[in-house]
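Below, read A as the first sequence line, B as the second, and so on, with proteins coming before strands; counting in each chain starts at 1. These values consider heavy atoms only, across backbone and side chains, with no hydrogens, waters or symmetry-generated copies.
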Amino acid sequence: MELSKNYIPGEVETKWYKHWIDQGYFHSEPNDKPAYTVVIPPPNVTGVLHMGHCLNNTIQDILVRRARMQGMNPCWVPGTDHASIATEAKVVAMLRERGIAKSSLSRDEFLGYAWEWKEKYGGIILQQLRKMGCSLDWDRTSFTMDPDYYETVIKVFVDLYNKGKIYRGKRMINWDVRAKTALSDEEVIHKEVNGKMYHIRYKLDMPGEEYITIATVRPETIFGDTAICVHPKDDRYKNLVGKHAFVPMINRRIPIIADDYIEMEFGTGALKVTPAHDINDFNLGQKHGLEVIETLNEDGTMNEEAPMYMGKDRIEVRKIIADDLEASGNLVKLEDYVNQVGFSERTDAIVEPRLSLQWWVDMKQLAGPALEAVMSDEIQFHPAKFKNVYRHWMDNIKDWCISRQLWWGHRIPAWYDVDGNVYVAENEAAVNEKYPETKGKTLTQDSDCLDTWFSSWLWPIEVFKGMSNPNNAEINYYYPTSTLVTAPEIIFFWVARMIMAGEEYMGKIPFKDVYFTGIVRDKQGRKMSKSLGNSPDLLGLIDQYGADAVRFGIMIASPAGNDLLFDESTLEQGRNFNSKLWNAAKLLKMWETRIDTGINNKGDVPQDAAFAMDWFQAKLSATQVEVDSMLKEFRLSEALKTIYGLIWDDYCSWYLEWIKPGFEQAIHADVYNKSIEFYDSLLQLLHPFMPFITEELHHALKTQTEDLCVKEYETIGKVDEAVLNAGALLKNVISTLRDARNKNQIKPKDAIDLHIQSENNAAYQRIENILAKQINAKSIAYTQASIGSSIVVALEKDKFYLVADQAIDTASLKENLLKDLAHQQGFLASVEKKLSNEKFVQNAKPEIIAIEQKKKADALARIQTIEESLAQL
RNA sequence: GGGAGCAUAGCUCAGUUGGUUCAGAGCAUCUCGUUUACACCGAGAGGGUCCGCGGUUCGAGCCCGUGUGCUCCCA
């Protein structure tokens, strides 16, 4: 097979992905091999591939492909999440564009549109994952609203209700005024906002014109005020406690109470208490038995409690009311103030605390075993620093609000009779059976849906039908899954809750390792976002650079446990790496036609080539061991860097040059075959990271019986340390002599004569040819004495004399030697100081002292060599 | 307000139990070079007060304290 001049990714990628699928390599069935299970974090059904997905799924694919090549039975399950609020928002927007209001539709009509939309646009992302080469088992594609899955979610709700772990309660929740639904705490994003602090005076209910001044950032909430609170020890207000004041504009009479919750230094030290619109005020109200007055409609406009502003949005009212208060003389002061405001993750609306009747999961009971599983390292977090974050959250866990005022999702299985009694069961028939008193009564189902995460916390179980068909062969084989790869942002949303569900319903943890990826940011460290326009088009990048280059680029820039700053230049590096791989293969193919088939073939492999082969074998084994341990510790980026260096530097720059035959000369068959074998091992090592080009080249090298994708790694050979060291010495000698040539401005084309003065000539004799080739020497000789008019280079205890035709720049040579001498002398001094320190000799471990003594001896020898060289100049 | 983490070369990061010539890698930069795989290349070089201060120790990039700056999570 002839290789084209350049590697062209497009066709190759399509060809191999289709081949892998046709061969069924990605499909898994339970068998005798150990399972390696990964469930994809299901992207939103509305999703399109972005850089975060690219990173996350590349990592999963690396782990899965590696497991496959290690002879395990990997199963990577794809799927999507119905994403109730995000999807409903998109469908509503789509309908609005068509001139249809959601309010004009029945629930069923709306869901009809939603399903239609889901079938049309949902799961585009799954198609895009194929482009990246992800080895997902497509036959197992799941959706969180598949019929079985839906039933399971309902079953879990009923079960937790029966166990008393789900309850209905009126609580302060986060209200999204745009989506008109409750949000969980995790769906609220806190941001700093520049606002104003309003100092407002309330007239006291006593003779004369006496006032108390409060400070607030939300003057529009005064209509909900039911008390003013001060600190009991605050001398300014002590005499007012127990008295009353009037809310401006509406003149409601409210009590002045005392509580040590108040911070005296903050604002005026007097707090207006609005139990309906602030969580802290609500708690305070509960404690003091205050009235709760709601002043907002569900869309964020003011209601009849604020007659003069009724129907106006609260944010708008904030501006108007300041003027009105000022006009009436009740606005005492206005100052700039920065405060934290909660925004809806989905709609970006400012979230309002709102009192409402919602469904809750009691988390305290579920949290215990889930915390223990992580703290005991039964589940391992990578990086481990997230254990702290996890513990802190679990220790302070709050109940989970799971009802959402939406239609798209799993409808809450609760029914109400006309009197408002609540009955919970799988369906109406089950209700009648469970609660016989309901027979014949008119029942209405709760119109709300469940939080999306209430279905995704069952993902690792239900993708194998572990709950809809308990104890089936697949769940028993694939569960617990092996590794979960996800973003730290959803550690509480998802990871913690999956652990809870796993413990609750399987009695087992859902996964053994959790790898948290970093967040993909742009070059300046900003998060990628649509509004900033700094999110590159991933498919465009794949078209431009090839999928392998994109995978390389994102992985090489992705230090374990840190965010990664995405820069297109790393994709360029990936593309260049493709070229390097391609060109190395081209070189090998060129030699294929020059294999020595004659008499020489029977002869021994030339000594220098034999050395090169031994050395690379050792280097390869050592690196395989290294990569193996890095991957075990999830240090993927480092593993890739290591492989990159092995291929580019050790194989291409050193090994291939060392065995390269002379111009149009033959190559020994053993050397050729070994080189092909090495190269194939490199491709195999790299394959999980860059699957397409490696598969292509694997087949290009020679006729293969097996695809690289499923070729199992062989046991790693023993590492020959002596050969490794000899190779390192050779590289060092070559670099040093090349440097000497450079510094003395010897042109690359000008061959030199090299004289070596060493106590160990044999070490050099077997690598003479390599050395001569690499430093362009026309002769190599061994000497006992110095050589006149030559460039002298000292390395360890050996000296090298370079004889060139041109004049020698003794000045710069001398300068370098003197520099080196000074360095060595300084080093020697520090070592001697250490050794003459009695305390060091007494306290340090013997092996450390031995090392110091060797350092001293080496330095002395080296100084002697340099001094001799200097003497000759 | 509570909690977690980070600070090492121009940039992004390694640096394990305190001890080897330990101060490293990749990218970027500079010099030289188109020699028969590759200029998407080759050969070579320069570049750091390991954030500041104090402490423990024979010995600190690493341990302790403290200050400064930054990031994230939660309220």
Asker: Using atom P of each nucleotide, how far apart are B/G54 and B/C62 to the nearest Å?
Answerer: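 The same atom, P, in both gives a distance of 14 Å.
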Asker: I'd like to compare against my own output: the B/S/- annotation of nucleotides 3-15 of chain B with a strict under-4.0 Å heavy-atom distance to protein.
Answerer: SSS------SSS-
Asker: Establish, with yes or no, whether the OP1 or OP2 oxygen of B/C40 is under 4.0 angstrom from a side-chain nitrogen or oxygen of A/Asn583.
Answerer: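 Indeed not, no polar side-chain atom of A/Asn583 lies that close.
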Asker: List the residues meeting salt bridge (charged side-chain N to carboxylate O under 4.0 Å, His left out) with A/Lys580, not counting sequence neighbours, and say none if there are none.
Answerer: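 Result, salt bridge (charged side-chain N to carboxylate O under 4.0 Å, His left out) vs A/Lys580: none returned.
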Asker: For a ring-ring contact (aromatic ring centres under 6.0 Å, His included) with A/Phe616, tell me which candidate from A/Trp658, A/Phe678, A/Tyr679 qualifies.
Answerer: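 The ring-ring contact (aromatic ring centres under 6.0 Å, His included) with A/Phe616 is passed solely by A/Phe678 among A/Trp658, A/Phe678, A/Tyr679.
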Asker: Using heavy atoms and a sub-4.0 Å distance, could you list which residues of residues 643-654 of chain A are near RNA chain B? By number, please.
Answerer: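 Correct list: A/Tyr644, A/Trp648, A/Cys652, A/Ser653.
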Asker: Using the C1' atom as the reference point in each nucleotide, state the distance between B/A75 and B/G59 in Å, no decimals.
Answerer: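 The answer is 46 Å between these two C1' atoms.
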Asker: Do any N or O atoms of the protein come closer than 3.5 Å to N or O atoms of nucleotides 58-65 of chain B, and which pairs are they?
Answerer:
residue : atom : partner  : partner atom : Å
B/C58   : O2'  : A/Asn837 : ND2          : 2.8

Asker: Of all the choices, B/A75, B/C38, B/C72, which nucleotide is nearest to the side chain of A/Arg521 once you look at every atom?
Answerer: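 Looking only at heavy atoms from C-beta outward on A/Arg521, the closest nucleotide is B/C72.
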Asker: Tell me the closest heavy-atom pair linking A/Ile556 and A/Ser637, and the distance in Å.
Answerer: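 Shortest heavy-atom contact: O-OG, 3.3 Å.
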Asker: Which atom pair, heavy atoms only, marks the closest approach of A/Phe689 to A/Ala639?
Answerer: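 For A/Phe689 versus A/Ala639, the nearest heavy atoms are CZ-CB, 4.2 Å.
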Asker: Write down the atom of A/Thr570, the atom of A/Gly553, and the distance for their closest heavy-atom approach.
Answerer: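 A/Thr570 and A/Gly553 have their closest heavy atoms at OG1-O, 3.2 Å.
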Asker: Scan for salt bridge (charged side-chain N to carboxylate O under 4.0 Å, His left out) pairs involving residues 639-657 of chain A, sequence neighbours excluded, and state none if there are none.
Answerer: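 Checked against salt bridge (charged side-chain N to carboxylate O under 4.0 Å, His left out) - neighbours excluded - the pairs reaching residues 639-657 of chain A are A/Asp650-A/Lys731, A/Glu657-A/Lys660.
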Asker: Could you list the residues that satisfy side-chain hydrogen bond (donor to acceptor under 3.5 Å, both in side chains) with A/Glu633, not counting sequence neighbours?
Answerer: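 Listed in chain order: A/Arg635.
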Asker: Partners of A/Tyr672 by side-chain hydrogen bond (donor to acceptor under 3.5 Å, both in side chains), sequence neighbours excluded?
Answerer: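 For A/Tyr672 there are no side-chain hydrogen bond (donor to acceptor under 3.5 Å, both in side chains) partners, ignoring immediate neighbours.
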Asker: For A/Lys747, report the nucleic acid contact type (base, sugar-phosphate, nothing); a contact means any heavy atom under 4.0 Å.
Answerer: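 No contact.
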Asker: Does B/G42 have OP1 or OP2 under 4.0 Å away from a side-chain N or O of A/Lys580?
Answerer: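 Checking B/G42 against A/Lys580, a side-chain N or O does come within under 4.0 Å of OP1 or OP2.
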Asker: side-chain hydrogen bond (donor to acceptor under 3.5 Å, both in side chains) with A/Glu352: which residues, sequence neighbours excluded?
Answerer: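 side-chain hydrogen bond (donor to acceptor under 3.5 Å, both in side chains) check on A/Glu352 returns A/Arg218, A/Arg314.
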Asker: Just jot down the side-chain hydrogen bond (donor to acceptor under 3.5 Å, both in side chains) partners of A/Glu572, sequence neighbours excluded, or say none.
Answerer: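 By the side-chain hydrogen bond (donor to acceptor under 3.5 Å, both in side chains) rule, A/Glu572 matches no residue at all.
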Asker: State, to 0.1 Å, how close A/Phe493 and A/Trp453 come at their nearest heavy-atom pair, and which atoms those are.
Answerer: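 For A/Phe493 and A/Trp453, the tightest heavy-atom pair comes out as CD2-NE1, 3.2 Å.
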Asker: List RNA chain B stems (3 or more consecutive Watson-Crick/G-U pairs, under 3.5 Å)?
Answerer: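 Stem segments, range with range: B:1-7 with B:68-74, B:10-13 with B:24-27, B:29-33 with B:41-45, B:51-55 with B:63-67.
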Asker: Have A/Thr486 and A/Tyr515 got a donor and an acceptor in their side chains that come within less than 3.5 Å?
Answerer: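 No.
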Asker: For B/A37, does the base pair up with any side-chain atom of A/Glu657 as donor and acceptor (N or O, under 3.5 Å, distance only)?
Answerer: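 Indeed there is one.
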Asker: With sequence neighbours excluded, what pairs up with A/Asp377 under the salt bridge (charged side-chain N to carboxylate O under 4.0 Å, His left out) test?
Answerer: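 With neighbours one apart ignored, the set is A/Lys387.
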Asker: Can you check whether A/Lys747's main-chain N or O pairs, donor with acceptor, with A/Arg741's side chain at less than 3.5 Å?
Answerer: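 Side chain of A/Arg741 to backbone of A/Lys747, a donor-acceptor pair under 3.5 Å: yes, one is there.
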Asker: Contacts to RNA chain B from residues 728-742 of chain A, heavy-atom cutoff under 4.0 Å, which residues?
Answerer: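 Correct list: A/Ser735, A/Arg738, A/Asp739, A/Asn742.
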Asker: Identify the heavy atoms of A/Ala370 and A/Met394 that sit nearest to each other, and give their distance.
Answerer: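 Reported closest heavy-atom pair: CB-CE, 3.4 Å.
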Asker: Measure the shortest side-chain to side-chain distance between A/Phe386 and A/Pro488 over non-hydrogen atoms and say whether it is less than 4.5 angstrom.
Answerer: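 Yes. Closest side-chain heavy atoms under 4.5 Å.
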